[in-house]
2 protein chains.
Amino acid sequence: MRKIIFICFIFFLMSCGKKIEKTELRPRPVNEMGLIATYSSSFAKLHDVPIHAVELGEGFWKTRLDFNHNRAIPSLLQLLEEHGVVDNFRRLSGRQDTARRGYRFTDSDIYKWIEAAALSLQSYNSPELKAKLDGVIDDILAAQDKDGYLNTYFMDERAKNRLTNFRDDHELYCLGHLIQAAIAFYRGSNERKLLDGAVRYADFIIERFGPGKKQCFAGHPEIEMAMVELYRTTGEKKYLDFAGYLLNDVDVANLEQPVKSSDFDYAFSGRPFFSREELVGHAVRAMYACCGATDYYLETGHPAVWNTIKKLWRDMTFYKMYITGGVGSRYSGEAFGAKYELPNDRAYTETCAAIGNLMWNWRLLNATGEAKYADLMEKILYNGFLSGVSLHGDFYFYRNPLESFGDMVRQPWYDCTCCPPNVQRTLASLPGLFYSTNSEGLWIHQYNNNELNWKLEDGTSVFLAQTTKYPWEGTIEIEILPKNKTEFSLFLRIPEWTSAASILVNGEKTPSSAVPGSYYNIRREWKKGDKVVLDLQMPVRVVYANPRLKENAASFVIQRGPVVYCIESPDHPGISIFDIFCPIDTQNPATGFKPHFDQNFLGGIVSIEIEALVTTHSLEQVPLYDFEKYFLPTRTTTMKAIPYYAWANRGASDMAVWIPWLVE
Amino acid sequence: MRKIIFICFIFFLMSCGKKIEKTELRPRPVNEMGLIATYSSSFAKLHDVPIHAVELGEGFWKTRLDFNHNRAIPSLLQLLEEHGVVDNFRRLSGRQDTARRGYRFTDSDIYKWIEAAALSLQSYNSPELKAKLDGVIDDILAAQDKDGYLNTYFMDERAKNRLTNFRDDHELYCLGHLIQAAIAFYRGSNERKLLDGAVRYADFIIERFGPGKKQCFAGHPEIEMAMVELYRTTGEKKYLDFAGYLLNDVDVANLEQPVKSSDFDYAFSGRPFFSREELVGHAVRAMYACCGATDYYLETGHPAVWNTIKKLWRDMTFYKMYITGGVGSRYSGEAFGAKYELPNDRAYTETCAAIGNLMWNWRLLNATGEAKYADLMEKILYNGFLSGVSLHGDFYFYRNPLESFGDMVRQPWYDCTCCPPNVQRTLASLPGLFYSTNSEGLWIHQYNNNELNWKLEDGTSVFLAQTTKYPWEGTIEIEILPKNKTEFSLFLRIPEWTSAASILVNGEKTPSSAVPGSYYNIRREWKKGDKVVLDLQMPVRVVYANPRLKENAASFVIQRGPVVYCIESPDHPGISIFDIFCPIDTQNPATGFKPHFDQNFLGGIVSIEIEALVTTHSLEQVPLYDFEKYFLPTRTTTMKAIPYYAWANRGASDMAVWIPWLVE
């Protein structure tokens, strides 16, 4: 028996070793690299398409990317300048004579802005923005120490504290964002200058910290995914290894400054990633750690890391995520809560956490090709992410609650301004999230007017155009023009929310049925002018919560297509939206909802109306308990729902996503 | 017009002055003073009966007071000794040679214990406890500085920090508890020694702080009610004035150590009490401040303070109180939350906050004679307070959530041990909360076996005996033996929860009907042997929440009499209590519930059973949203509910007060 166990153990070690050992990296031309360059990743099932290969057409997302490029990115640079974030660099090279300003992690804000601008320049030709970008990069590089260190906070009298307090100081976090900014700029412009600076700082760290050297830990994860991406960009395995060290191998007992065990939960780093059992602590930290771990898995296939990733994804989607895709329930620590701790009004749901969730699922989609990850990305994009930015792109929310009592106003700037540039880089990255390729063919994840000008993995050029009124209508026409007649698979995501999907190829119905929540594979010889029409039934849906989510057990959410709806006070003058009840026909719950598209309302939306009831006296005037004692007369009213993302664009308001139902 | 306003203003000033000016105090013999000695309070409608005048008979509360006296009070003294709380005093007089131990506010713990022991000695004859009490008091007094200052934390090197940081240091809070302990000991024993010490320390403070002197603020309210009670005990108006200063007149701009505005919210002090609009901040602080303000109103009739008190009580009962009478929803700051922020599982609901709520309502009852305050006291006593202590009296909860997932275990000791001695003094005070007198006659607030041996306000001796199986049965027999035939009113509280109440006087039904939530006045000439039988219908009730309390909108609470019920995992082996649903007949919701008294179960309780449904697969295995997609087979099960206060007496368990209903 002992022998068998021993042999099994050897076998296990061998199989681990085999899986974790990286196969040879096949670098790709820099302008062919997508958002995450998984082309050579051994455990990637799908591979990114570069941003510049996708040109959005007029429609839902182009409007937003235009605002992002034309208004939001320039105005945020101005705000960053006004708050001294760039001057913090200039003072170090003597170009400015001001004191350092802002939190210790403000460097990351300008790095994220650089990433946003660099990604945006893959879609827009703008010499003016390029010039500004070059200027900022020049200011940053001029501030770098000779030895490679670069952080504007730990200079002068604080220089002695460099790289000592990893729990609080965000130095590796800032480095991570520097690396990501440098990579985005490099991939967009083919200019190495910022990348070289980032590499020098990364090497400075790797020379001093790691196995057998001084110990560090991420503190605020982000560095892990940056290191893996630096590996993908440079081919240098030391960056991948350093990510692996940070994820799994930190010897926390030998940190220079001791850290409490609970801080490793809050920071979602320090402790081996593969030992994690659930999502805890600061939500953005946890999401970024999951991104880095998935990147690491994509390269190494580390089985224990992968098991943990799957466990954590289930923990999130079964117990800890809002219906908007937002995560992080608690104010205290901006943190994940316990199972089913998902308060609507007190939801913290930081915009950055939704972005982290989006980034994680993009990596999971790369790893698996499973539609559930693309479905969740769509949910986040249209809801928990998009609620973080105003219709015109330059006012933001840090929190994204699902219920509000008139006290939330979008701001152009936050003193902790992590979310605004994060929103901007996410919008600018969007074209890179629409498609993937693999050896079988082309995958379409997201639907919106756009043209793809790219190639299959065998090198065959392919042009593809989507024409649609998505997300307001579910019909998508797809025109395909391969350079030559070629056989390949076209994978269409059939969203989990559709009640029925049908597919016509050149006018003929496909033989098998399309299953919601999966990819539909059309394999054929494609020729110029082939046309696919995907028709996704998009009725108004009444969505209920698991009764364990007690706060919503007597409520429902209106959803249509990928869009989650809310009700907001400006559409209900003279009454409190919290006094509205919606009678639901349990046999046919979607009855009575009237969707209506209005181009001139909130940037062009489908709003949804239904006859509902409102109490004639406000529920606020009735005691908390013994509700059965109080007679509450009601009258009918028209309830109007708007997309959740569009709320708070008409001043402070009351808002609710979950609406109380009455059984008729 | 201007003249009229001016005249009105003068008149207003005059009326204010008249109301606030205290009429002459008529001190009473010390052994006639009740828990709060409102006999001479100008704005008291009712007056306390001393604890020693009420002797509990065998029954619900006597069992608990016996445990409190015989087990809990002695064992807590031992724990306080083990943790150095008394040694902290002894070291100052050289009787011990140890370092100071514990938080800066531990002095208050032993003061509360003294209060508990002193109150208990009004009900129990125990030379042994009296000797221990004398010893502890002697140790405390030996530690007092010559100038009167007395706090074991601010000695030696910390002496220089005395009375500087009122936000954090709890010095006035500790003084408040010293005063209350001293008063309790004085009223029980007629010995002034501890009172003299407390007076010296109080005078030390009043000489240095106040209007025109150095400024201070309560920091942790408690001192306000202590100062008013010291006024009631000594007749010295300066103590009342100092309470008024702390409540309304602190010049916070001139505090020695500046305090942030938000801290005055957290501390519920500093800012004028009458300017408060809602309950915010630390719940115990807020409740104690309301106690002090109501005490101040009882003496002065201050109209703005009274308006604020009424506003805050409505804010609490309409928006911020659990069905158990517990308050304080938030972990962060142990604080009140926003309107309707009442999570069941994350409820903080500190035992001390429930006690503060009880004490506040006793003062409000004194001020008004309105049954709603006595009703709420009863709710707190049987639920949110009593859940804080084990069935045998010596294991405690600091938090009292309404839902729990197996992670809560009662403890004999907490490092911040504010709750255990607070529970003990509350139990010991209980006989003092049963009755009041006013010029019209005698008021009965609480029902349980007991004998009252006291006098009417005209001096007529009266003996009264209650015989009942309350709270398990609703019949109360009341025997009345006035010394002589006397006409007076007997006011019986008709609890708000009863479905119907009938009253027989010497076998004859009273002419008018008894209205739940009011006092029924039986005015007649009473003679020896008169007998009143109060019959309170006590069916099982199904209580719903205001739908604004969304977490409970699809649930109900089982209540019977004053007792709130819960379901607990030990009574439901093999299933999760969170998978149980209870079908409710909306026309006749209480149908199917079977109450059953068992003397040998959980100290003798009525448990309640009903046929319910349980899902055959746990809801935990079903995703959060799109619940409509999942088929959930159920099977019948017997759901057993026990009194909420009795939970967690069989080890760690799952528990829920709110139970999901299904409409049949």
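Here is the naming used below: chain letters follow the sequence lines, and residue numbers restart at 1 for every chain.
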As an exercise: rank Ala554(A), Gly337(A), Ala338(A), Pro547(A) by heavy-atom pairs under 4.5 Å with chain B and give me the winner.
Pro547(A)
Decide yes or no for Asp626(B) and Arg541(A): does some side-chain heavy atom of the first lie under 4.5 Å from some side-chain heavy atom of the second?
yes
Is there a donor-acceptor pair under 3.5 Å between the side chain of Glu551(A) and the backbone N or O of Lys550(B)?
no
Output the option from Ile323(B), Asp579(B), Leu342(B) having the highest count of non-hydrogen pairs under 4.5 Å with chain A.
Ile323(B)
Identify the heavy atoms of Trp658(A) and Tyr625(B) that sit nearest to each other, and give their distance.
CZ2-CE2, 3.6 Å
Do Ser576(A) and Arg548(B) get their side chains close enough for a donor-acceptor pair, meaning under 3.5 Å?
yes
Residue part contacting chain A, namely of Tyr319(B), when any heavy atom lies under 4.5 Å
both
So which heavy atom on Tyr340(B) is nearest to which on Glu620(A), and how close?
OH-CA, 3.3 Å
What part of Ser618(B) gets closer than 4.5 Å to chain A, counting heavy atoms only: side chain, backbone, both or neither?
side chain
Taking side chain as everything from C-beta outward and backbone as N, CA, C, O, which of these in Thr317(A) sits under 4.5 Å from a heavy atom of chain B? Side chain, backbone, both or neither.
backbone
Is Asn546(A) reaching over with its side chain to a backbone N or O of Leu619(B), donor-acceptor style, under 3.5 angstrom?
yes
Option that, when pairs with chain B are counted at under 4.5 Å, heavy atom only, ranks first among Val542(A), Asp345(A), Val543(A)
Val543(A)
Minimum side-chain heavy-atom gap Leu549(A)-Leu624(B) below 4.5 Å
yes
So, taking the atom named CZ in Phe627(A) and the one named CG in Asn552(B), what distance separates them when rounded to the nearest 0.5 Å?
13.0 Å
Which one, Met321(A), Glu403(A), Glu496(A), leads in non-hydrogen pairs under 4.5 Å with chain B?
Met321(A)
Greatest number of heavy atom pairs closer than 4.5 Å to chain B - which of Tyr331(A), Phe578(A), Phe581(A):
Phe578(A)
Do you know which of Arg330(A), Gln559(A), Lys339(A), Arg314(A) has the most heavy-atom pairs under 4.5 Å to chain B?
Arg330(A)
Could you check which of Pro660(B), Pro589(B), Ser555(B), Pro623(B) has the highest count of heavy-atom pairs closer than 4.5 Å to chain A?
Pro623(B)
Between Asn344(B) and chain A, with a heavy-atom cut-off of 4.5 Å, which part of the residue counts as in contact: side chain, backbone, both or neither?
side chain
Between chain B and each of Pro343(A), Ala553(A), Ala545(A), count heavy-atom pairs under 4.5 Å; write down the option with the most.
Ala545(A)
For Gln621(A), which atoms come within 4.5 Å of any heavy atom of chain B: side chain, backbone, both, or neither?
both
Chain A heavy atoms under 4.5 Å from Glu341(B): which part of the residue, side chain, backbone, both or neither?
side chain
